[in-house]
Amino acid sequence: INPRVSLHYMEYGAYFSSEDFSKHQDNQLDGGAWSEIFTDKFFGTNDPYTGKIINGRWADFTIPYLTDEFIESEGLSSSSTLFSNEEEEWLEIAAAHMKNPYGLLRGPWNYSPANYTLRFFNVNQFNSYSTVKPAVLNFYNGVDCDDYSNFINEVSGNSLYTLLTDVEDDVHGKVHFTIGGSGGTHCIETDQYLMDTYGFQWKDMIVMAQS
C-alpha cells in the first residue's frame, strides 16, 4: 500500500449526526472548524461572510473564466461537448460547456462573481439554528441514517429516473447545501432589506434560500 495515495471517504450520516455538528448548528459562523476536514490540514477553513477559503492548499485557488481561448488552451473544442454519444441531446438544452452568469467555470445556478473557491457553511450569515424548527432548515441539516434508509425504500424497484431525482432531493443535494451553504454581500443586503421593509424573519430567509 502506498501511503501517499488514498481514496478519501466521508461518512456523511456519522458526521451530520455527531455532537460536533450539533455544536456547529449553534455556531454557523465557525467557518467549518467543527471538523478537522475543514482545517488547513485538508480542505481549509472559510470566511463565513465572503465564503473565501482562508488557509490550506485551496486558499489561493482561482476559478478560470470559461472563454473559447481557455477551452482550446486545454486541448478541447469550444463547440463540442465532452459526451459525444449524447451531444445532440445536450446541445438542444444547453451550451457545449457550462458557465455561470459571470462567465466563470461554475454551475450556471451559482451567481457568485468571485473568482476564488467558495464555501459558506451557513445560510446567509445566520448564526444559530437552535431557535429554528428542523423542518424549516430542511436542506441545511445534512443527512443521517434515516435519510438513507428512506431513500433506499423509495427507489427500490423503481426506475433510474426515480433514483436520480430522489437522490438529489433526499441525500445527495443536502450535503452540498449544508457544506456549501449560501451567502455573500448581495445576500446580506437583500436579507436586510426584506427584514427592514417587510418584517421578514430569519426563518423566512432560510426558506427562501432553499427555493
Side-chain angles (χ1 to χ4, degrees), residues 2 4-10 12 15 28-125 139-140 142 164 167-169 171-191 208-211:
N2 186 339
R4 299 182 61 187
V5 179
S6 61
L7 180 62
H8 296 290
Y9 173 75
M10 182 177 182
Y12 300 119
Y15 273 89
Q28 286 285 293
L29 304 183
D30 63 7
W34 64 277
S35 170
E36 186 181 24
I37 291 178
F38 302 105
T39 66
D40 58 356
K41 186 176 180 180
F42 293 102
F43 294 108
T45 307
N46 63 280
D47 182 316
Y49 296 98
T50 66
K52 193 176 190 310
I53 309 300
I54 57 179
N55 54 36
R57 69 186 66 189
W58 301 101
D60 299 313
F61 187 83
T62 56
I63 308 298
Y65 286 91
L66 195 63
T67 63
D68 288 349
E69 292 75 18
F70 170 78
I71 294 171
E72 290 168 6
S73 72
E74 296 298 311
L76 302 172
S77 167
S78 59
S79 59
S80 300
T81 71
L82 302 178
F83 314 101
S84 57
N85 59 322
E86 298 177 352
E87 183 151 312
E88 184 176 345
E89 293 86 345
W90 179 273
L91 292 176
E92 286 180 359
I93 60 173
H97 304 284
M98 306 295 282
K99 56 188 176 183
N100 84 345
Y102 293 92
L104 291 160
L105 183 55
R106 296 186 184 279
W109 51 84
N110 186 315
Y111 287 84
S112 173
N115 70 329
Y116 48 77
T117 307
L118 289 168
R119 185 198 316 121
F120 288 98
F121 235 133
N122 63 69
V123 186
N124 300 7
Q125 292 75 50
F139 280 93
Y140 295 96
L164 295 176
V167 74
E168 183 64 30
D169 292 339
V171 290
H172 175 78
K174 290 182 179 180
V175 176
H176 289 277
F177 279 106
T178 304
I179 294 177
S182 61
T185 303
H186 183 65
C187 283
I188 297 174
E189 293 174 349
T190 301
D191 287 354
M208 290 178 64
Q210 299 174 83
S211 63

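Values below: every heavy atom of this structure, side chains too, minus hydrogens, waters and symmetry copies. The first residue in the sequence is number 1, and the count goes up from there.
- Within 6.0 Å of OH in Tyr49 there are 12 or fewer heavy atoms belonging to other residues, nucleotides or ligands.
- Counting all heavy atoms, side chain and backbone alike, Pro101 lies closest to Pro108 at CD-O, 3.7 Å.
- Nearest approach of Asp30 to Thr45, heavy atoms of both residues: O-CG2, 4.2 Å.
- When side chains are defined from C-beta on, Tyr12 does not count as touching His172, because their heavy atoms never get closer than 4.5 Å.
- His97 contributes atom NE2, which lies 5.5 Å from atom CG of Leu82 (distance to the nearest 0.5 angstrom).
- In this structure a side-chain-to-backbone donor-acceptor pair under 3.5 Å is present from Arg119 to Phe43.
- Counting heavy atoms from C-beta on, the side chains of Tyr15 and Ile37 come closer than 4.5 Å.
- Ring orientation note: the planes of Phe121 and Trp34 are nearly perpendicular, at an angle over 60° on the 30°/60° scale.
- Side chains of Asn115 and Thr62: a donor-acceptor N/O pair is absent below 3.5 angstrom, by distance only.
- Judged by distance alone, with hydrogens and angles left aside, the side-chain atoms of Ser78 form no donor-acceptor pair with the main-chain N or O of Asp68 at under 3.5 Å.
- The list of side chain to side chain donor-acceptor pair (under 3.5 Å) pairs with a residue in residues 99-110, not counting sequence neighbours, is empty.
- Atom CG in Asn55 sits 11.0 Å away from atom CG in Asp47 (nearest 0.5 Å).
- Around the CZ atom of Phe38, the shell of radius 6.0 Å holds more than 12 heavy atoms that belong to other residues, nucleotides or ligands.
- The two atoms that bring Asn46 and Ile53 nearest to each other are CB-CD1, 4.0 Å, heavy atoms only.
- Applying the 6.0 Å contact sphere to CG of Asn85 captures more than 12 heavy atoms from other residues, nucleotides or ligands.
- Counting only heavy atoms from C-beta outward, the side chains of Leu118 and Lys52 never approach each other to under 4.5 Å.
- Note that OG of Ser84 is 13.5 Å distant from CH2 of Trp90, once rounded to the nearest 0.5 Å.
- Residues Gln125 and Asn122 meet the side-chain proximity criterion, which asks for heavy atoms closer than 4.5 Å.
- No donor-acceptor distance shorter than 3.5 angstrom exists from the side chain of Thr190 to the backbone of Cys187, with no hydrogens or angles considered.
- Going from atom CG of Asp60 over to atom CD1 of Ile54 covers 12.0 Å, rounded to the nearest 0.5 Å.
- Considering only residues two or more places apart in sequence or on other chains, Phe61 meets the ring pair (Phe, Tyr, Trp, His ring centres under 6.0 Å) condition with Trp58.
- Between Leu66 and Ile71, some side-chain heavy-atom pair lies under the 4.5 Å cut-off.
- Residues Ser182 and Phe177 have side chains not in contact (no heavy-atom distance under 4.5 Å, counting atoms from C-beta outward).
- Inter-residue side-chain proximity for Glu168 and Leu164 is flagged as unmet; no heavy-atom pair is nearer than 4.5 Å.
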